[in-house]
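The chain is numbered in sequence order, starting from 1.
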Amino acid sequence: MWSKRELQRKIEEWLQEDIGFGDVTTMSTIPEAAQGVGILYAKEAGVIAGLPVAQLVFETVDPALSFTALVKEGARVEKGEQIAEVSGSVRSILSGERLALNLLQRLSGIATRTSQYAQAVAGTKARVVDTRKTTPGLRMLEKYAVRVGGGHNHRYALYDAVMIKDNHIKGAGGIAQAVAAARAAVPHTMTIEVETETLDQVQEALDAGADIIMLDNMPLDVMKQAVALIGGRAVVEASGGVTLETIRAIAETGVDVISVGALTHSVKALDISLDLNTRKR
């Protein structure tokens with residue numbers, strides 16, 4: 001996760017993108033001295049993630065604004081429930097509104113989707129993890145939202161773990177060659193994962209000493225055989241087209257991890273709005 005200072009720099013860039021030389025509508029219609037309270041509320045049920053981010057947006061726009069969260073981060077809310085309030089200059093509230101809502105809605109949508117997937121595997125040993133299929137520039141925040149929703153993170157980027165996929169295998173000349181080359185090149189503290197599509201490849205990955213074996217788009221019966229073949233000698237990850245309708249059956253094959261790109265790559269934002277009360281409380 002970014003530090004607060006790093007996140008604030010990002011927010012400053014995003015505010016510059018949105019406000020530019022100034023919010024002409026707000027500045028031309030709202031008196032400079034106008035004070036008010038903006039109430040953020042959910043227009044549908046879901047899990048809230050991103051309240052500290054929204055707060056930092058408003059504070060970056062105007063340090064004099066006061067932001068109060070009315071629910072806890074990660075709380076499940078119902079339609080119509082108030083989430084937070086921001087008070088102070090109406091001009092400042094309106095100038096920060098869109099960015100704050102964009103981030104809060106996106107992160108809450110991810111947390112809500114993740115919670116649904118995590119609940120679907122409850123009672124099994126499988127953990128739900130994300131992928132690198134994130135919005136460019138928002139990966140840290142989106143992976144944070146996955147954790148808020150009860151999921152876990154896969155590798156953050158290309159630099160923190162070895163994942164040998166089909167094209168790496170082709171380029172290296174085989175699984176054994178790819179694993180050996182990686183093992184010789186990376187620190188002993190770094191894990192090596194191999195993507196497999198058949199039981200023969202699973203055996204090759206085992207023989208090569210892979211730490212994690214991914215079962216990619218395998219039928220359930222083959223997946224069960226693969227779990228038995230691995231027999232606890234490596235972490236087993238299932239991946240490929242996982243949906244809410246299929247994840248329970250996948251978890252019941254005995255895999256350790258299920259990676260789900262849909263947590264971030266095509267998630268629907270949670271509908272959240274801000275209503276302004278021009279009489280400051």
Side-chain angles (χ1 to χ4, degrees), residues 110 113-114 117 121 125-140 142-143 146 151-247 249-267:
I110 291 171
R113 173 74 64 85
T114 302
Y117 275 85
V121 302
K125 70 173 183 176
R127 62 165 53 183
V128 176
V129 305
D130 53 28
T131 70
R132 285 170 46 242
K133 296 176 181 177
T134 55
T135 308
L138 290 180
R139 180 171 297 172
M140 288 292 185
E142 292 183 347
K143 282 181 170 284
V146 167
H152 300 267
N153 297 142
H154 206 294
R155 60 176 178 167
Y156 271 81
L158 294 172
Y159 55 73
D160 60 348
V162 175
M163 183 183 288
I164 299 170
K165 306 188 82 172
D166 56 350
N167 285 329
H168 299 106
I169 294 168
K170 292 173 185 176
I175 289 175
Q177 294 92 326
V179 173
R183 191 71 72 190
V186 302
H188 70 282
T189 54
M190 187 171 287
T191 56
I192 296 177
E193 179 168 4
V194 176
E195 178 185 270
T196 64
E197 298 177 351
T198 67
L199 291 176
D200 286 343
Q201 287 186 327
V202 170
Q203 186 63 60
E204 288 181 61
L206 275 174
D207 293 341
D211 302 299
I212 307 165
I213 297 177
M214 178 194 291
L215 312 180
D216 186 43
N217 283 296
M218 281 189 182
L220 290 176
D221 58 337
V222 179
M223 197 176 290
K224 289 179 183 178
Q225 294 177 61
V227 170
L229 177 61
I230 295 167
R233 290 176 286 172
V235 174
V236 186
E237 176 182 339
S239 184
V242 179
T243 68
L244 274 174
E245 291 70 35
T246 63
I247 193 170
I250 293 171
E252 289 174 347
T253 65
V255 298
D256 301 298
V257 176
I258 304 174
S259 52
V260 185
L263 299 183
T264 55
H265 70 56
S266 57
V267 72

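- Counting only heavy atoms from C-beta outward, the side chains of H154 and T131 never approach each other to under 4.5 Å.
- Between I175 and I164, the closest side-chain pair of non-hydrogen atoms is not below 4.5 Å.
- A pairwise comparison of heavy atoms in M218 and E197 identifies CE-C, 3.6 Å as the closest pair.
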Open item on the list: As a quick check of understanding, evaluate side-chain contact (heavy atoms from CB on, under 4.5 Å) for L263 and V128, giving each step before the final call.
Closed with: CA-CA 10 Å; L263 299 183; V128 176; 3.9 Å; yes
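- Considering all non-hydrogen atoms of both residues, Y159 and M190 come closest at O-CE, 3.6 Å.
- Nearest heavy atoms, A176 versus A208: CA-CB, 4.1 Å.
- In this structure, CG in L138 is found 12.0 Å from CE in M140, a value given to the nearest 0.5 Å.
- Here the side chains of R139 and R132 are in contact, with some heavy-atom distance below 4.5 Å.
- No side-chain N or O of Q225 forms a donor-acceptor pair with one of D221 less than 3.5 Å apart.
- The two residues V242 and Y117 make their nearest non-hydrogen contact at O-OH, 3.6 Å.
- Put simply, the residue from M214, E193, E237 that forms a side-chain contact (heavy atoms from CB on, under 4.5 Å) with V257 is E237.
- For the pair D130 and V260, the minimum side-chain heavy-atom distance is 4.5 Å or more.
- Under the 3.5 Å distance criterion, the side-chain polar atoms of R233 are matched with a main-chain donor or acceptor of I230.
- Contact between L244 and I247 at its shortest, heavy atoms only, is O-CG2, 3.8 Å.
- The local environment of CZ in R127 is sparse, with at most 12 non-hydrogen atoms from other residues, nucleotides or ligands closer than 6.0 Å.
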Task: K224 and V227: CA distance, side-chain angles, deciding distance, side-chain contact (heavy atoms from CB on, under 4.5 Å) verdict - done: CA-CA 5 Å; K224 289 179 183 178; V227 170; 5.8 Å; no
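- Listed here is the closest heavy atom pair of R183 and D211: NH1-OD2, 3.4 Å.
- Under the 3.5 Å distance criterion, the side-chain polar atoms of E142 are left unmatched by any main-chain donor or acceptor of I110.
- Summarising the geometry, atom OG1 belonging to T253 is positioned 7.0 Å from atom CD1 belonging to I258; distances are rounded to the nearest 0.5 Å.
- Distance check, rounded to the nearest 0.5 Å: CE of M163 to OG1 of T191 gives 8.5 Å.
- The distance from atom CG of L215 to atom CG of L220, rounded to the nearest 0.5 Å, is 11.0 Å.
- Judged by distance alone, the side chain of T264 and the main-chain N or O of K133 form a donor-acceptor pair under 3.5 Å.
- Side-chain contact check for V236 versus I213: every heavy-atom pair is 4.5 Å or farther apart.
- By the salt bridge (charged side-chain N to carboxylate O under 4.0 Å, His left out) test, D256 pairs with K125, sequence neighbours left out.
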